[in-house]
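Please read these numbers as outputs of a predicted model, since none were measured by experiment.
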Amino acid sequence: MKFSYGLYKKEFKDRMCELEKSFQKEDVLKTICYLKYLSNFCYSINSKLTDDRLEQITKEISLKYLGHTVIENPHRDRIVFYDNFGLANRGLANIYVKALEKMGYKIVWILYAYSPDVEEIQKMYKDKENISFRIIPKIPILERMKMLRDMIKEISPHNLFVYTQPNDADGIGAISTIDGNISRYLIDLTDHAFWLGKCAVDWIIGFRNYGYNVAVQYRKISPDKIIILPYYPDSRSEHPFEGMPFDTSQHEFVFSGGSPYKIEGNNAYKEIVQYILRQYTSMRFVYAGKGTNQILEELKEEFPDRFFKIEERKDLDAILQHAKFYLSTYPIGGGLMVQYALQNECIALSFCDKDCVITDPKSFMLYPEKVNFVYYNQSDLYAEIDHLMCDEKYYLNCKSDSKQQVISEDVFLKQLENILNKKKTIYSPILQQIKMEPFMEIYKKNATYEQYCKIIFESRNKWIYKKHPFIVRKMKKALQTKETN
């Protein structure tokens, strides 16, 4: 069943009305829960990139609950790194914390007990004297807000980094009540999508020029509050190659991966994989990611002994070093995965839409004018694949050129230091008129009724559940059936 945007608009409008009522009644719990739900709804559907009313209510209800906290005499050698993701081997937390620690700062890393990798992260840094942890336990949401506020007040850092999920209304709310002699930076990880957080920070750290323009033109953030700092993939070289479901000494393989939704919307990605496996009959293809979808299932059915779906693995560096080349997802590309490939001298190939710049690696490479692995029609991509497969000298030359496009760890550290001291980096943004609509249209095309039900069910919001009893019953039944099987 195709998702109707009329249904979405009605849901958003109705829940906004409920939010406004809760806010007017000063019902803090209900207001925060509705803010989380609506923020997640906006992020999942990606129909807008910001909502000033959600930002306003987040700050005002948090001030009503927590009051105003002023940091007057901060410890200039202390930095709080607030991390709502809690992932040991994904994202940007590691590269930021490592750089800050090397600068000599005392880092207090705030995590939640419910985060997936909280214990592993603490184990990874147990020998670092300058890195300590504060863990917010599994307690009710309003208690978490108060505890977070109290932690930051007690630590009194001069700098606070906010690395969080798009719907973190409780965390953003708590941080929005804190100001004074403190600089609050939001790391803009999802510059292509909705996030809540403008109300809580002083500076936005983006990683590319495109994100800067999204922030200025769509989020209406002042240009002088946006700083650009490209990132590099955190090395996983300590994890040895775990092998593949086939003999890699006998068969080469193409590697790809990401959330399965990134290859939905049309058949182009499937056609590219089919071309590779039909044209080169000894080649294997490996796709890594959580979950599956119809395209991946169909590829497995067509090539049962040559197409392999694996879960995310810690030996990503080693996988890329063994792969023939990396194929980026389409229609939504994977920026971090492309950089992992290039850093490991694995050739990356990207198929993109010319009018959808945000998915184009040229938007985040250090030297976009030198990017030569992006293709805007399938025939050109196929010709490049054939060239790589049939000309060994050309293939080796392409491999050796890969690493130049990724910022080095030393340069990243130096520019992060510039942010703390000067509120700027060497990467000057260029103001360009952009159109996000073609990219947002991808989400609209991919949206389904099942996705709509999933957003509602996974909200775990008792007030939302009361509004959608049929959907909740349906999803619970499906979950029970899955567990039984």
Measuring from [X]:[atom1] to [Y]:[atom2], what's the distance to the nearest 0.5 Å?
X: Thr177; Y: Arg149; atom1: OG1; atom2: CZ; answer: 6.0 Å
X: Leu229; Y: Asp188; atom1: CG; atom2: CG; answer: 12.0 Å
X: Ser235; Y: Asn89; atom1: OG; atom2: CG; answer: 10.5 Å
X: Leu100; Y: Ile95; atom1: CG; atom2: CD1; answer: 10.5 Å
X: Leu296; Y: Asn293; atom1: CG; atom2: CG; answer: 4.0 Å
X: Lys146; Y: Ser62; atom1: NZ; atom2: OG; answer: 14.0 Å

Open item on the list: Could you go through Ile319 and Arg313, starting from their C-alpha distance and side-chain angles, then the distance that decides it, and tell me whether this counts as side chain to side chain contact (heavy atoms under 4.5 Å, CB included)?
Closed with: CA-CA 9 Å; Ile319 291 174; Arg313 292 190 353 194; 3.7 Å; yes
Is a donor on one side and an acceptor on the other found under 3.5 Å between the side chain of [X] and the backbone of [Y]?
X: Ser259; Y: Lys262; answer: no
X: Thr190; Y: Ala193; answer: no
X: Asn377; Y: Asp380; answer: yes
X: Asn181; Y: Pro74; answer: no
X: Ser459; Y: Asn461; answer: yes
X: Thr448; Y: Gln451; answer: yes
X: Thr425; Y: Tyr427; answer: yes
X: Ser39; Y: Leu35; answer: yes
X: Gln415; Y: Ile426; answer: yes

Open item on the list: Other residues, nucleotides and ligands only: do more than 12 of their heavy atoms fall within 6.0 Å of CD on Glu437?
Closed with: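 Counting neighbours around CD of Glu437, more than 12 heavy atoms of other residues, nucleotides or ligands fall under 6.0 Å, so yes.
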Open item on the list: More than 12 heavy atoms of other residues, nucleotides or ligands under 6.0 Å from CD of Gln378: yes or no?
Closed with: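 Counting other residues, nucleotides and ligands, CD of Gln378 exceeds 12 neighbours.
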Task: His468: which of Lys474, Glu11, Met475 passes side chain to side chain contact (heavy atoms under 4.5 Å, CB included) - done: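 When Lys474, Glu11, Met475 are each tested with His468, the side chain to side chain contact (heavy atoms under 4.5 Å, CB included) holds only for Glu11.
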TODO: Using the side-chain hydrogen bond (donor to acceptor under 3.5 Å, both in side chains) rule, pick out the option among Lys198, Arg219, Lys220 that qualifies with Asp52.
DONE: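 That would be Lys198.
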TODO: Compute the ring centroids of Tyr232 and Phe412, then answer whether they are less than 6.0 Å apart.
DONE: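 For Tyr232 and Phe412, the ring centres are under 6.0 Å apart.
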- [ ] Determine, using ring centers only, whether Tyr269 and Tyr330 are less than 6.0 Å apart.
- [x]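 No; Tyr269 has its ring centre 6.0 Å or more from that of Tyr330.
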TODO: Name all residues meeting the ring-ring contact (aromatic ring centres under 6.0 Å, His included) criterion together with Tyr125; count only those two or more places apart in sequence or in a different chain, and write none if there are none.
DONE: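 If we apply the ring-ring contact (aromatic ring centres under 6.0 Å, His included) test to Tyr125, skipping adjacent residues, the hits are Trp109.
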Task: Candidate pair Asp179 and His68, rule side chain to side chain donor-acceptor pair (under 3.5 Å), full reasoning - done: CA-CA 8 Å; Asp179 60 22; His68 185 204; 2.8 Å; yes
Under the rule for side chain to side chain contact (heavy atoms under 4.5 Å, CB included), what residues qualify as partners of [X], not counting sequence neighbours?
X: Lys30; value: Glu18, Ser22, Asp27, Tyr34, Trp463
X: Asp202; value: Arg184
X: Lys64; value: Glu26
X: Ala200; value: Ile172, Ile175, Ser176

Assess, by modelled atom type and distance only, whether the side chains of [X] and [Y] contain a donor and an acceptor separated by less than 3.5 Å.
X: Ser256; Y: Tyr326; result: no
X: Gln339; Y: Gln343; result: no
X: Glu271; Y: Asn267; result: no

TODO: Over all heavy atoms of both residues, which pair between Ile228 and Tyr212 is shortest? Give the atoms and the distance, please.
DONE: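 So the two residues come closest at CD1-CB, 4.0 Å.
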Listed by chain and number, what are the side-chain hydrogen bond (donor to acceptor under 3.5 Å, both in side chains) partners of [X], not counting sequence neighbours?
X: Tyr261; value: none
X: Lys36; value: Asp170
X: Glu20; value: Arg53
X: Tyr96; value: none

TODO: Could you go through the side chain to side chain contact (heavy atoms under 4.5 Å, CB included) check for Leu342 and Phe373 one step at a time?
DONE: CA-CA 11 Å; Leu342 298 177; Phe373 55 83; 4.0 Å; yes
Compile the donor-acceptor pairs under 3.5 Å between side chains in residues 160-169 and protein atoms, sequence neighbours left out, one pair per line.
from	atom 1	to	atom 2	distance (Å)
Tyr163	OH	Leu92	N	2.7
Thr164	OG1	Asp168	OD2	2.6
Gln165	NE2	Asn84	O	3.2
Gln165	NE2	Asn84	OD1	3.2
Asp168	OD1	Gly171	N	3.0
Asp168	OD2	Tyr82	OH	2.6

TODO: Just say parallel, tilted or perpendicular for the rings of Tyr37 and Phe41, cut-offs at 30° and 60°.
DONE: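 Rings of Tyr37 and Phe41: tilted, as their planes differ by 30° to 60°.
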Quiz: residues 130-143 side-chain donor-acceptor pairs under 3.5 angstrom, not counting sequence neighbours:
from	atom 1	to	atom 2	distance (Å)
Arg134	NH1	Glu154	OE1	3.4
Arg134	NH2	Glu154	OE2	3.2

Open item on the list: I'd like to know whether Tyr65 forms a side chain to side chain contact (heavy atoms under 4.5 Å, CB included) with Glu60, so could you lay out the CA-CA distance, the side-chain angles of the two residues, the decisive distance to 0.1 Å, and finally the verdict.
Closed with: CA-CA 9 Å; Tyr65 174 55; Glu60 291 186 11; over 6 Å; no
Output yes when [X] and [Y] qualify as a salt bridge under the 4.0 Å nitrogen-oxygen rule, no when they do not.
X: Lys414; Y: Asp410; value: no
X: Asp14; Y: Lys467; value: no
X: Lys309; Y: Glu311; value: yes

- [ ] Give every residue pair that meets the salt bridge (charged side-chain N to carboxylate O under 4.0 Å, His left out) criterion with at least one member in residues 71-88, sequence neighbours excluded.
- [x]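 Passing the test, one end in residues 71-88: Asp77-Lys106.
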Task: From CA spacing to verdict: side chain to side chain donor-acceptor pair (under 3.5 Å), Ser47, Tyr8 - done: CA-CA 9 Å; Ser47 62; Tyr8 159 73; 2.8 Å; yes
- [ ] Go through the steps to decide whether Asp191 and Val214 satisfy the test side chain to side chain contact (heavy atoms under 4.5 Å, CB included), and finish with yes or no.
- [x] CA-CA 7 Å; Asp191 67 357; Val214 170; 5.6 Å; no
